[in-house]
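See below for the structure under consideration.
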Amino acid sequence: MHEYNPLEIEPKWQAAWAEAGIDAVDAVIGDTADSLAAKSTYYALEMFPYPSGDVHMGHVRNYTIGDVISRYKRMQGFNVLHPIGWDSFGLPAENAAIKQNSTPANWTYANIDKQRASLKRLGFSYDWSRAVITSDVDYYHWGQWIFLKLWERNLVERRLSPVNWCPSCTTVLANEQVLGDGECWRCKSHVERKELEQWYFKITDYAQELLDDLDTLDGWPERVKQMQANWIGRSTGAEVDFVLCDASGEPTKETITVFTTRPDTLFGCSFFLLAPEHPLALEFVAGTEYEQDVRAVIAEAASATAVERSKGEREKHGAFTGRYVVNPINGEKVPVWIADYILMDYGTGAVMAVPSGDERDFAFARKYNLPIPPVIIASDDALFAELDGKRERVVNDVPWTEAYAGEGIMVQSGEFTGLAGGKDSAGSEAVIVSLEAQGAGKASINFRLRDWLISRQRYWGNPIPAIYCDACGIVPVPEADLPVVLPLDVDVAKGDKLAAHPEFYDVTCPACGKPAHRETDTMDTFTCSSWYYLRYADPHNAGVPFAREVANTWMPVDQYIGGIEHAILHLLYSRFFTKALRDAELLDFDEPFKNLLTQGMVKLNGETMSKSKGNVVAPEDMIALYGADALRVYILFMAPPDKDLEWSQSGIEGISRFLNRVWRAVFDLTGEVVVDSEGIKLSVYDETLDAAAVNERAAELNRELHRVIGKVVSDIERFNFNTAISAIMELLNTIAGYLKVPVAARDAELCNRAARSLVLLLAPMAPHFAEELWNEVLAGGVTGGAGGVAGGAAGGVGEGTAGGVTADDADNNNAFDSVHKQPWPEYDPAQAQAATVELAVQVNGKIKARITVAVDASESAIQEAALSEAAGAIGDKPVKKVVVVPGKLVSIVV
RNA sequence: GCCCGAGUGGCGGAAUGGCAGACGCGGAGGUCUCAAAAACCUUUGUCCACAAGACGUGUGGGUUCAACUCCCACCUCGGGCACCA
């Protein structure tokens, strides 16, 4: 036996696999074009890395999970696409370039080289021939092409809007890129609001479908779907048109529309609110006595930072504009105020205030002494009789001390009084019908989701293919002129930008030929990551981003794996892209990712590992100590994949020990007397075992083999890698018990099968380890060793066709018979059963005895045995009931 | 405030309503060794000197022959959203 030396065998097999092209989907060893076509496809995908530096433990975890799934599926006979690439545009490259006086490209590509080497060192089975790097012209060319397709489909728009501006990154951000407390997702600086003209993708056109199709994503975590649903934020209700009055208070022909989820409370509207940014606000008060107060509120609201706004219950400020509007439901004139809690970018920026039914309006009414007419009361409320039918308004001394926003009965609501009120209630519907009849409103749906702001005032990104012409306006770059190449001689370290490169932006208008100006903003990096999974399917296509039929073959992704932090960002954008590309007839499916696994973080001392905290455990250090396989197995073993895990150094030593034990056991199973490095014999036999004891151990091992293979299958299918590994450990423990049997008394077939199964089960998780054992000890049958266990007789379960050399071997020139080309071991649940089982006997819920019965014993026989065995505990108390749970226990109630 | 998760030994974690704590780490004792490391064996939820027994899955109730698991109420921690009309 040679020692298990991961540092020697891992690079060896990595080189051998690379040479044999074992992981490329279209060059799989032993597969012909026909056999490949006959296989089902399986697309396993992990979120590609940003090349920020070294590979860290989070990557190791993410990619190990994906690799296990890929290798397992290959052994199950699928043709597996398992690609990798880099999301390589983005701001960190610019910052690093400035810091190191380098260029973003140099920094990025150097990091990619470093990460590629690390990923290869970890033994991940990627099809490297398909690697996609988003900052390569060959890739971003097609990002521009897709941009033009979306533009053709009217999904691209340049418009003036309030935007989020990060002063530190000196660029605008999408809504999704502003964290809950108003911080930039990347640098955590406080985001400012600005009014700028920017490029948008009209993701809101798909708001309803993005929401509806969440229901079809059965393979997604509920949590992620919930987060997306909240983010999309659909509200149903009505649009109501209020008639504007002129400065003298006379109704005009103009109306102003509000959105409400509670049309049933329309009679309770006692004032009307505009957002401070609303264009009508200043128009109303210009030159009036109200102007000063209104301007003060506007100024105060504008200066409020995101932090202040996020503090929840904030003192509300407002001012009367001097104007009135007419409530269409009852013709009442109500005053128009501005209020700083009204958001310009939700609904219409104008709101009907119902202080009795809305906490915020209530607080505002109290503060400014506005009427609070009750219109909804709980059905059992005594006020009903008192209020019903009365039209007088109760002012500030209403019996209510707070707003009532729940469901109830409409009161003081004219013809609608007595109807059920609430969101989407009968009362709401009746009010909408009435409004529609008089042309003053309609049913409506509002989304919280905003369009996706995709332009960035940064250099290191995909150039937006648009040209500004004084004569023609904004003109798309013609498809034939693509790609718009990002110049590499921009020296960001010296503060250089695209906007300072005339050779980039001085162009002629494609429409009229006159001098024009190229767009110097680049696209959000999230546009690059919104379709990379499609490019993997057809990575070298030089005519289109991907061929439709090829995309249809591999997509949707069967299993996507990545961090929860993309629950809204990347995962929502990618869904949008897929739907938009489908409508552009470029592909034929609705959702990109059929199944999603969000893996937990790797922590140290309860904190996320980060360079700035200095608490990073470097994967390279662990590989140097224990090897890549031990690291892979350990990270799988520590916790279920979707939970955060706490790094512990001593645990990986345990896994290293486990692999060493397996190593020795495999040799021992061949009959070889295993010795340690100093020649001390480790194989120890128990010569006292008689034939019956040997047979019992053999039967136990056989049962355990069938049980564990079945367990590993079901655990891997559910991604419970930790329990799959536990089960393999249990198998090893049983094997260790059998290895006490002297070599001459062992069952050769059983030893062979046990060794092979052990190695095959570990192959997806510890690929080099398994490959070495397979090739050095097992391929071609177990033949080596002092005991001379004969190989080739492998029948039974263990391995379908794997009798050693596969039939395809002759057809190709690979020098080895890879364990990763073997079929997954089969198992027979019936053989996992022992002939007899021990049952616990409970008397009134307490275990009082144990009985051993045949596995197929009849219920009455079991009952009889249990009653006699537990007779002492039962005593003379009458037996009321007996429950027999086959294989488990007997419960006796006395 | 609203919406999700999660609370099990010293630690990581197991348990289609059916013997709680699998598997591993750590600890204790032992074998081997001059010694140590490695390896192997035994042991390891708590209480009790041992045994017998009792108690044990955040808390309190409930359903059930049987509850970590299901139901109700609550506590704690983590995450997301939050003036969205």
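Naming: A, B, ... by sequence-line order, numbering from 1 per chain. Please read all numbers here as calculations on a predicted model, not as lab measurements.
Aromatic ring centres of Trp337(A) and Phe272(A): separated by at least 6.0 Å. Centroid-to-centroid, the aromatic rings of Phe637(A) and Phe658(A) stay 6.0 Å apart or farther.
Under 4.0 angstrom from either OP1 or OP2 of C55(B) there lies at least one side-chain N or O belonging to Lys846(A).
Geometrically, Lys316(A) does not engage Phe364(A) in a cation-pi contact defined by less than 6.0 Å to the ring centre and at most 45° from the axis.
Across the interface with RNA chain B, nearest-nucleotide mapping of Ala736(A) and Asn720(A) shows Asn720(A) to be the residue nearer the 5′ end. Between Glu222(A) and Trp231(A), the residue whose closest nucleotide on RNA chain B is further toward the 5' end is Glu222(A).
C40(B) is paired with G30(B) under the criterion used here, namely a Watson-Crick or G-U wobble arrangement in which both key atom distances are under 3.5 Å. The pairing partner recorded for A14(B) is none, the criterion being a Watson-Crick or G-U wobble arrangement whose two distances lie under 3.5 angstrom. Here G7(B) sits opposite C75(B) as a Watson-Crick or G-U wobble pair (both hydrogen-bonding atom distances under 3.5 Å). Of all nucleotides present, none satisfies the Watson-Crick or G-U wobble test against A66(B) with each distance under 3.5 Å. In this structure, A54(B) forms a base pair with U46(B), meeting either the Watson-Crick or the G-U wobble geometry with both donor-acceptor distances under 3.5 Å. The partner of A20(B), taking Watson-Crick or G-U wobble pairs whose two distances both stay under 3.5 Å, does not exist in any strand shown.
The separation of A20(B) from A82(B), taken at their P atoms, amounts to 46 Å, rounded to a whole angstrom. Distance check on atom P: C47(B) versus U42(B) gives 25 Å, rounded to whole Å.
For a distance-only test at 3.5 Å, the side chain of Lys316(A) qualifies as a donor-acceptor partner of the base of C83(B). No hydrogens or angles were tested; on distance alone, a donor-acceptor pair under 3.5 Å links the side chain of Ser891(A) to the base of C65(B).
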Go through Tyr634(A) and Trp647(A) one step at a time and tell me if the ring pair (Phe, Tyr, Trp, His ring centres under 6.0 Å) criterion holds.
CA-CA 10 Å; Tyr634(A) 181 48; Trp647(A) 181 265; 5.3 Å; yes

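In this pair, Phe769(A) and Trp663(A) present their aromatic rings tilted. The plane angle is within the 30 to 60° band.
Atom CD in Glu239(A) sits roughly 13 Å away from atom C1' in A85(B) (whole-Å rounding). Atom CG of Leu839(A) is separated from atom P of C65(B) by 21 Å (rounded to the nearest Å).
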